Amino acid sequence: MEQPTDGNITIDGQEITDLNQKELRLSRQEIGMIFQHFNLLWSRTVRDNISLPLEIAGVPRVERLERVEELIKLVGLSGREDAYPSELSGGQKQRVGIARALANNPKVLLCDEATSALDPETTDSILKLLIDINKELGLTIILITHEMHVIRKICHRVAVMENGRVVEQGDVLDVFLHPKQQVTKKFVEQVMGDKEQDDAYEFLTTSYTTGKNIRLHFIGETTNQALISRVAKEFDVEINILQGKITQTQKGAYGTLVVNIDGENNELARAIEFIKSTSVEVEVAPNA
Amino acid sequence: MEQPTDGNITIDGQEITDLNQKELRLSRQEIGMIFQHFNLLWSRTVRDNISLPLEIAGVPRVERLERVEELIKLVGLSGREDAYPSELSGGQKQRVGIARALANNPKVLLCDEATSALDPETTDSILKLLIDINKELGLTIILITHEMHVIRKICHRVAVMENGRVVEQGDVLDVFLHPKQQVTKKFVEQVMGDKEQDDAYEFLTTSYTTGKNIRLHFIGETTNQALISRVAKEFDVEINILQGKITQTQKGAYGTLVVNIDGENNELARAIEFIKSTSVEVEVAPNA
Amino acid sequence: GTSEEDNTNGESETAPAENESAENETAELTEIVVGATSIPHAEVLEEAKPLLEAEGISLVIEQYQDYILPNEDLANETLDANYFQHIPYLESQKADFGYDFVNLGGIHVEPMGVYSKNIASMDDIPEGTEVIISRSVPDHGRILALFESQGLITLAEGVDKASATIEDIVENPLNLTFSPDVDAAVLPEVYEREEDALVAINTNYAIEAGLSPLDDSLFVEGADSPYVNVIAVRAADEDSEALNKLVEVLQSEEIQTFITETYNGEVVPVGGSN
Amino acid sequence: MLNELFPNVKIADLWEATGETFYMTLIALTGTFVLGILLGLLLYLTSKGGLWQSKSLNLSVATVVNVFRAIPFIILILLLFPFTDFLVGTIRGPNAALPALIIGSAPFYGRLVEIGLREVDKGVIEAAKSMGAKTRTIIFKVLLPESMPALVSGITVTAIALIGYTAVAGVIGAGGLGDFAYYYGFQRRAFDVVFVCTVLIVIIVFIFQFIGDFITNKLDKR
Amino acid sequence: MLNELFPNVKIADLWEATGETFYMTLIALTGTFVLGILLGLLLYLTSKGGLWQSKSLNLSVATVVNVFRAIPFIILILLLFPFTDFLVGTIRGPNAALPALIIGSAPFYGRLVEIGLREVDKGVIEAAKSMGAKTRTIIFKVLLPESMPALVSGITVTAIALIGYTAVAGVIGAGGLGDFAYYYGFQRRAFDVVFVCTVLIVIIVFIFQFIGDFITNKLDKR
Ligand SMILES: Nc1ncnc2c1ncn2[C@@H]1O[C@H](COP(=O)(O)OP(=O)(O)OP(=O)(O)O)[C@@H](O)[C@H]1O
Ligand SMILES: Nc1ncnc2c1ncn2[C@@H]1O[C@H](COP(=O)(O)OP(=O)(O)OP(=O)(O)O)[C@@H](O)[C@H]1O
Ligand SMILES: [Mg+2]
Ligand SMILES: [Mg+2]
């Protein structure tokens with residue numbers, strides 16, 4: 001929300017960077033913001049916190065109270081209207097934050113690390129609320145986060161930033177499965193397989209010396225194919241799953257398995273050839 | 001380090017709870033403590049921070065300086081002796097903490113969430129240092145942590161506490177693979193498979209309606225058996241890996257896979273029967 | 001007695017006091033506002049209140065704790081008269097600040113005394129004795145004059161005794177050191193503790209500390225002292241009937257007796273001497 | 001019995017002196033509160049990263065504050081004579097003490113206000129900005145309410161200093177307990193009066209402290 | 001030229017008054033530092049969860065501190081006459097002002113010390129305890145060094161109050177710039193003296209402030 005040195009910001013066809021002070025203030029009311037640390041006023045009750053943006057926008061009292069009541073119901077805080085933030089759990093605080101951000105019927109909801117301070121269960125409930133809001137109110141939600149599982153769970157499109165620049169963007173599944181930049185790869189590791197496994201992978205490739213250790217990348221629908229059992233049936237090889245992780249997303253399943261395929265050399269080569277012909281991506285350990 | 005209301009503490013055959021104030025102080029010098037937030041004196045340099053416990057124990061100056069030099073080398077902080085804590089990274093701070101804890105040649109090293117404030121890479125380097133110390137100096141290390149992967153990586157034995165009581169204890173792998181208490185199960189989920197997967201599991205059991213969805217628990221050495229390929233070869237069933245995670249530990253590999261086995265009913269039953277006869281544990285989804 | 005000072009130190013006593021005087025003219029009581037320091041001036045004025053009332057004059061007493069403001073307030077017409085200063089001080093103030101005041105009449109003398117715990121008589125004053133005096137500059141000349149009158153020092157020729165300073169001492173056979181350090185009010189405490197020193201104490205503070213200027217002092221100003229406390233008024237009011245009546249009452253037999261009796265002769269009335 | 005223990009103490013006088021102390025302290029406190037918050041806001045808003053960031057303005061306000069903090073109160077009274085005379089119409093009495101009392105304590109309080117404002121969560125201000133709030137709105141709806149406990153506990157500390165100042169203001173006839181203790185108690189060697197006045201002052205300070213703490217706790221919903 | 005602008009200002013007298021102010025402030029400051037740290041430590045150590053936790057001791061120290069904070073300085077000087085006489089052997093002059101100056105400012109500084117000590121990281125104290133440190137060791141090796149920046153910046157604030165007090169201590173002949181301004185400046189209507197003294201006091205305060213800030217920044221390795 002600072003004066004940018006460069007670049008421009010366009011929301012709903014309006015060039016934000018061209019606005020003067022007053023217009024900028026007004027245009028801000030069309031963006032609802034949610035913060036990692038909630039940024040609630042401890043001196044105001046839940047009701048009054050939600051009321052604040054309405055007061056700022058100059059909404060008359062009666063209308064304001066009505067709207068606040070509505071919002072409290074929307075975010076599921078009925079009964080806690082008169083509580084102070086200090087009396088709320090983290091999840092409840094973020095619900096107040098969301099209600100407050102929605103107060104002026106914004107076009108965009110900007111969530112800056114909105115769930116990073118919450119425990120996993122609370123994160124889930126907040127994400128669920130965001131999905132509901134997205135569907136019901138039809139507003140755009142921009143999520144800023146470093147938690148990849150949050151993106152996996154609720155986002156449609158993703159952009160990866162590094163040093164203040166967007167270095168990669170696109171459909172969530174595309175970016176997750178084919179990360180191009182180093183940053184993206186590191187991030188995607190969080191959900192797709194982690195460094196621990198890489199460590200172990202090294203270890204595996206040294207202790208399993210017979211056969212070939214290969215890494216299989218399952219992308220989207222391909223996990224439906226009973227690949228391993230088909231290979232086992234069709235080729236005279238033994239397949240041993242060493243380690244890996246397979247996960248489901250909204251657009252299908254993906255993941256990585258490290259397997260050891262052992263058998264007669266020829267047969268082995270044919271089996272790997274076959275796997276390569278499927279949509280599963282294969283990586284063969286160099287030293288095996 | 002407070003007066004306990006109940007129970008007793010024995011270190012190296014000595015009853016701590018029976019000691020008077022002075023003896024207690026002296027006995028504390030036989031326990032080195034490392035803290036989550038390092039608890040270094042910001043007003044002292046690295047050298048002087050490490051020197052503090054020696055000053056407290058009344059070690060003469062010359063000897064003290066020698067010992068500090070030794071410790072700085074041990075934890076790999078040579079060249080940073082005169083830096084203040086604020087000039088160090090988290091990992092370096094914890095190294096100072098470790099050096100300080102070791103200063104009086106303690107019998108026990110007590111680490112209270114020693115790595116919880118560090119990023120994964122730094123955590124690894126600190127854990128490596130702890131393993132080295134454990135091997136070289138032969139002292140007992142007690143790690144208090146809620147991060148299961150830390151325990152998995154460097155511990156031999158584990159005790160789980162709830163409400164101030166030990167509710168479960170034993171060999172790390174035993175406890176991890178067969179958690180008995182609810183708390184333990186929740187903790188072990190962190191490394192063995194997480195809640196997300198359970199959510200997805202439900203989803204799977206509803207969308208895969210043909211065949212049977214089963215959950216396979218691989219424990220220790222059994223992952224070596226090429227179970228899936230054997231089943232595929234010996235029985236006329238198709239095995240489709242839906243999701244799961246397999247990991248390696250110091251005592252072997254373990255993990256969980258959810259698979260869908262499809263085929264003629266009789267054959268299906270026989271295949272499951274066969275799997276059950278191995279050391280792999282099987283759980284059949286109720287609604288499949 | 002301080003209980004009757006109700007109308008002093010009030011929130012806004014000065015302004016209404018003036019308004020009242022305007023209103024009261026119709027009630028046939030003429031109000032005059034007189035500034036005074038507490039003892040004995042304010043007490044003497046209190047005593048005179050009923051007598052003045054009988055003369056158709058209502059007396060309002062303003063209490064002061066310093067020697068600067070009563071003159072300033074007289075000049076700016078907050079006061080109609082003040083009763084706190086002696087003639088030399090009045091003269092020096094007139095000279096310094098160009099006040100157009102006149103002395104309407106002397107009422108009493110508070111003789112300045114010199115006291116000491118360990119020195120029993122004037123003949124026993126050892127060489128080099130310290131003389132502790134008030135740091136209030138207007139007192140210095142008076143004290144030095146007193147010492148000169150006792151033959152202990154000599155002041156430079158032609159110096160106005162009232163405004164003489166320590167630097168004006170030309171002869172000092174006993175090598176007395178004059179220390180003008182402390183607040184006049186603290187002098188009795190100093191007397192109690194600095195046993196080998198001479199302490200010059202203003203009579204009002206001496207009385208309040210339970211010292212008798214006549215019995216406890218080594219030497220004290222006589223009744224012929226030039227330091228007569230006077231009623232000072234603006235020159236324009238020199239002929240004011242009410243103010244002259246005030247002086248008349250204060251110099252009356254009744255008040256003079258009151259002064260003598262109340263202060264055991266430590267405050268000496270100077271009835272009509274001006 | 002009270003008369004035996006404290007023969008020189010006259011309840012009516014004491015009562016009046018107590019009233020004067022309260023009067024001066026409360027009025028001066030009100031003035032200090034307003035002026036101090038103004039100064040504190042100025043210091044805060046013009047500081048680096050503030051809403052009205054201005055190095056020169058910040059420096060000048062800070063200098064004024066520091067100079068007035070530095071001048072001993074007794075000298076401040078003297079220096080303010082012309083100003084007091086112009087404002088109050090007299091340089092004597094409790095009302096004449098007020099300008100000096102306020103100007104003497106507002107800079108100190110201003111610093112406390114600045115410290116209090118600094119403790120307001122930056123995130124909350126950011127949130128208000130993101131809602132399109134004007135600076136005025138941020139001041140009145142965010143900064144002041146969120147720092148109120150600090151502002152109140154600061155004014156309590158200032159009140160104690162102010163009560164000390166009222167005693168010094170005796171030189172211009174401001175009255176009050178401190179002055180009463182010095183002039184009627186000490187000068188007349190009525191040490192019972194000194195004692196009783198001191199006790200009363202201590203009680204008044206404790207009352208201010210108690211009220212301040214109570215309000216602070218009441219306001220603080222953190 | 002200086003003589004024309006300030007005809008009544010005598011450099012030698014001013015110089016002496018400045019010396020007295022420095023003398024009193026520095027000695028009193030040293031005393032206040034020691035006594036204040038003692039009081040602050042007592043308050044801190046006896047408070048809830050402290051090393052010497054004791055409700056009654058804490059309450060009594062807090063009461064003493066509050067009472068002495070509450071007594072106006074001018075009254076404190078009077079009340080301390082017997083004590084000062086016993087200690088210094090006189091109730092006149094700069095030395096006689098010292099007990100009152102120290103006792104008047106130590107309680108205030110003690111509170112600042114307490115606040116500073118509270119800010120010492122609990123974890124560091126726990127660490128020292130886990131090393132088997134005695135309370136004395138914890139005080140001297142942990143509490144005081146770790147709170148030193150706060151202690152120094154606190155003494156700077158106290159110094160400013162102390163300089164104000166020295167002006168009041170004029171009643172017992174303590175001298176100094178404040179007193180000089182009042183008696184030689186104001187009483188003789190030599191307003192140039194008042195002005196020059198005020199400027200000198202402001203400069204002295206700024207010097208203290210500057211030194212305090214410098215040391216605080218130097219010490220603070222956080
Ligand atoms: N385009 C820009 N113009 C001017 N200043 C900028 C710009 N981008 C960033 N900054 C400056 O960089 C600093 C960091 O910005 P900001 O906190 O918004 O980064 P961020 O991406 O949100 O970081 P994080 O990922 O930690 O939340 C700020 O001080 C801001 O002033
Ligand atoms: N045996 C005991 N005797 C007396 N007090 C105890 C005992 N156990 C715990 N407490 C009290 O319980 C509180 C919490 O203790 P502590 O911080 O040591 O718990 P913890 O297990 O380390 O918590 P965490 O897992 O969050 O680190 C402390 O205030 C301590 O006084
Ligand atoms: Mg950010
Ligand atoms: Mg703990």
Side-chain angles (χ1 to χ4, degrees), chain A residues 1-3 16 19 21-46 48-59 82-88 93-94 96-98 100-106 108-114 117, chain D residues 33 37 40-41 44-55 112-113 115-155 212-222:
Chain A
M1 288 295 164
E2 284 176 47
Q3 206 55 37
I16 300 279
L19 298 176
Q21 275 254 306
K22 200 181 159 194
E23 290 166 335
L24 185 62
R25 267 211 315 278
L26 290 178
S27 77
R28 276 179 183 154
Q29 292 171 6
E30 303 192 339
I31 309 169
M33 266 192 86
I34 309 175
F35 305 88
Q36 175 173 10
H37 297 295
F38 324 129
N39 295 357
L40 303 179
L41 279 71
W42 60 255
S43 57
R44 286 179 170 230
T45 59
V46 167
D48 293 345
N49 260 295
I50 300 174
S51 172
L52 182 64
L54 299 167
E55 290 171 29
I56 289 172
V59 177
D82 295 316
Y84 286 90
S86 60
E87 300 161 359
L88 300 178
K93 279 182 200 155
Q94 199 54 294
V96 179
I98 293 171
R100 185 176 70 173
L102 293 174
N104 281 322
N105 294 307
V108 178
L109 194 58
L110 191 58
C111 310
D112 195 353
E113 305 278 8
Chain D
F33 191 67
I37 285 181
L41 272 173
Y44 175 78
L45 293 174
T46 59
S47 67
K48 219 180 137 212
L51 292 169
W52 293 342
Q53 181 168 345
S54 152
K55 208 165 176 174
L112 297 184
V113 170
I115 294 170
L117 291 173
R118 285 206 183 289
E119 273 163 24
V120 173
D121 185 0
K122 295 274 164 307
V124 173
I125 298 165
E126 194 195 336
K129 272 200 241 175
S130 83
M131 293 169 203
K134 291 179 213 145
T135 302
R136 191 159 49 91
T137 316
I138 293 179
I139 292 174
F140 286 103
K141 297 221 177 236
V142 180
L143 284 174
L144 294 184
E146 292 279 296
S147 61
M148 203 39 86
L151 301 189
V152 172
S153 80
I155 203 76
D213 289 355
F214 180 79
I215 297 180
T216 306
N217 283 336
K218 203 85 202 180
L219 286 176
D220 204 341
K221 302 290 185 186
R222 273 171 292 202

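Chain letters run A, B, ... following the sequence lines, proteins first, then strands; residues in each count from 1. A quick note: this is a predicted structure, and the numbers were derived from the prediction, not measured.
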Nearest heavy atoms of A:L40 and D:V124, plus distance in Å = O-CG2, 3.4 Å
Could you tell me the separation between the NZ atom of D:K122 and the NE2 atom of A:H37, rounded to the nearest 0.5 Å?
-> 14.0 Å
Inter-residue atom distance A:L24.CG - D:K129.NZ, 0.5 Å rounding | 11.0 Å
State the CG-NZ distance between A:L41 and D:K221, to the nearest 0.5 angstrom.
-> 14.5 Å
Is chain A contacted by the side chain of D:V120, its backbone, both, or neither, given a heavy-atom distance below 4.5 Å?
-> neither
Is the count of non-hydrogen atoms from other residues, nucleotides or ligands lying under 6.0 Å from D:R136 atom CZ greater than 12?
-> no
Among A:Q29, A:R25, A:R100, which one satisfies side-chain contact (heavy atoms from CB on, under 4.5 Å) with D:M131?
-> A:R100
Interatomic distance, CD1@A:I56 vs CD1@D:I138, rounded to 0.5 Å, equals 7.5 Å
Under a 4.5 Å heavy-atom cutoff, which of A:P53, A:P85, A:P106 has the most pairs with chain D?
-> A:P53
Give the member of A:E87, A:R44, A:Q36 that has the highest number of heavy-atom pairs under 4.5 Å with chain D.
-> A:R44
Given A:F35, A:Y84, A:F38, A:W42, the one with more heavy-atom pairs under 4.5 angstrom with chain D than any other is A:W42
Taking all atoms of both residues into account, what is the closest heavy-atom pair of D:G123 and A:N39, and its distance?
-> O-ND2, 2.8 Å
Side chain, backbone, both or neither: which part of A:Q21 has a heavy atom under 4.5 Å from chain D?
-> neither
Side chain from CB out, backbone as N, CA, C, O: work out which of these in D:I125 comes under 4.5 Å of a heavy atom of chain A, or both, or neither.
-> neither
